[in-house]
Amino acid sequence: MSEAPTQAPMKDSARRVQQAIEAAGFDFQVREFPASTRTSEEAAAAIGCGVAQIAKSLIFRAKESNRPVLVMASGANRVDEKAVARLLGEKLARADADFVRAATGFAIGGVPPVGHRETPVAFIDADLMELGEIWAAAGTPHAVFRLSPPELVSLTGGRVAVLKKAG
Ligand code: 5CA
């Protein structure tokens with residue numbers, strides 16, 4: 001009789017993120033949780049951290065060029081799309097689920113900051129830089145990885161800016 005495995009094999013989407021992290025020269029470890037990490041609130045509850053420490057990876061579509069735009073924002077903040085559009089020099093449209101899947105290779109709820117099919121223009125919420133450690137999605141609604149804010153900048157090449165909506 002064989003022993004029950006202590007851990008299920010990592011989901012393919014999470015493994016792709018782990019590989020992208022390593023290909024970029026980092027050693028952050030993707031962690032899968034039994035509980036959902038689909039939203040910032042759920043991720044914070046599963047991890048046991050503050051919701052502000054969740055670096056949510058939001059995808060927008062540049063209206064004219066159709067380029068994917070990645071905005072990494074604190075889970076505590078709402079993103080000011082006009083501020084992002086000003087920095088980009090192009091208006092933004094909401095990305096629908098199909099666009100997110102086509103551009104990143106991942107489904108909403110697990111979109112990571114790296115390993116996308118198409119390299120996005122990237123922006124980082126300045127509020128994230130105030131924190132010691134943050135957590136980002138890792139390809140599935142049950143997978144995340146921990147890193148520091150400067151490491152997020154290195155990993156993604158994102159431009160740090162004030163992106164939150166006031167109020
Ligand atoms: N895994 C968690 C925490 S790391 C996560 O991915 N959270 S998230 O906030 O980055 O992802 C959910 C985001 O997906 C929402 O904030 C929202 O911007 C986007 N989203 C949710 N539903 C839709 C939808 N129907 N169309 C487009 N975007 C959506």
Side-chain angles (χ1 to χ4, degrees), residues 10-18 20-21 26 28-63 66-85 87-88 91-118 120-149 151-153 155-156 158 160-161 163-165 167:
M10 196 180 277
K11 286 269 190 305
D12 180 63
S13 296
R15 191 184 308 280
R16 277 195 283 136
V17 177
Q18 183 69 65
I21 288 167
F26 294 93
F28 319 127
Q29 291 303 307
V30 169
R31 291 186 50 188
E32 291 180 302
F33 285 83
S36 170
T37 59
R38 182 181 299 279
T39 66
S40 299
E41 289 76 14
E42 287 174 350
I47 294 161
C49 70
V51 74
Q53 287 174 275
I54 303 300
K56 50 187 181 186
S57 299
L58 307 178
I59 300 295
F60 296 91
R61 178 171 65 79
K63 219 166 188 172
N66 250 350
R67 284 182 297 174
V69 179
L70 168 65
V71 178
M72 287 153 280
S74 166
N77 291 346
R78 293 200 55 202
V79 171
D80 180 352
E81 293 184 31
K82 290 204 172 120
V84 178
L87 293 167
L88 187 66
K91 284 190 177 160
L92 291 184
R94 264 271 157 195
D96 65 18
D98 288 344
F99 181 87
V100 172
R101 167 77 81 176
T104 70
F106 300 94
I108 285 167
V111 175
V114 278
H116 294 194
R117 200 175 276 163
E118 193 178 334
V121 192
F123 296 98
I124 298 175
D125 178 352
D127 279 7
L128 286 173
M129 304 310 294
E130 305 300 319
L131 304 167
E133 58 182 40
I134 56 179
W135 295 79
T140 81
H142 291 274
V144 291
F145 65 100
R146 187 181 63 195
L147 74 178
S148 73
E151 286 167 339
L152 182 66
V153 176
L155 181 66
T156 62
V160 178
L163 304 173
K164 80 172 152 193
K165 227 173 217 166

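Numbering of ligands and ligand atoms starts at 1, following listing order. Quick caveat: nothing in here was measured; it's all calculated off a predicted structure. Throughout, numbering of the chain's residues begins at 1 and tracks the sequence.
Between F145 and F28, the ring planes lie parallel to each other; the angle is under 30°, not in the 30° to 60° tilted range.
Of all atoms in ligand 1, listed by their number and element, those nearer than 4.0 Å to a heavy atom of I54 are 3 (C), 4 (S). Atom numbering of ligand 1 starts at 1 in the shown order; those under 4.0 Å from a heavy atom of K56 are 8 (S), 9 (O), 10 (O). For ligand 1, the atoms lying closer than 4.0 Å to a non-hydrogen atom of A137 are 1 (N), 4 (S). Shown in contact with S57 at under 4.0 Å from a heavy atom are these atoms of ligand 1, numbered in order with element: 10 (O).
Minimum heavy-atom separation, R117 to R101: NH1-O, 3.6 Å. Across A122 and T156, no two heavy atoms sit closer than the pair CB-O, 4.1 Å.
In this structure, N77 contributes its side chain and V79 its backbone to no donor-acceptor pair below 3.5 Å. No donor-acceptor pair closer than 3.5 Å links the side chain of H142 to the backbone N or O of T37. No donor-acceptor pair under 3.5 Å is formed between the side chain of R78 and the backbone N or O of K165.
If you check which protein heavy atom lies closest to atom 5 (C) of ligand 1, you get R38 O, 3.1 Å. Protein heavy atom nearest atom 27 (C) of ligand 1, with residue, atom name and distance: A95 O, 3.1 Å. Ranking protein heavy atoms by distance to atom 21 (C) of ligand 1, first place goes to I108 CG2, 3.5 Å. Scanning the protein for heavy atoms near atom 15 (C) of ligand 1, the closest one is L58 CD2, 4.0 Å.
Using 4.0 Å as the threshold, R94 has a heavy atom nearer than that to some atom of ligand 1.
At least one N/O-N/O distance between T37 and ligand 1 falls below 3.5 Å. Polar contact with ligand 1: present for G109 (N/O pair, distance under 3.5 Å).
With sequence neighbours left out, the salt bridge (Lys or Arg N to Asp or Glu O under 4.0 Å) criterion links D12 to R16.
I54 contributes atom CD1, which lies 15.0 Å from atom CE of M72 (distance to the nearest 0.5 angstrom).
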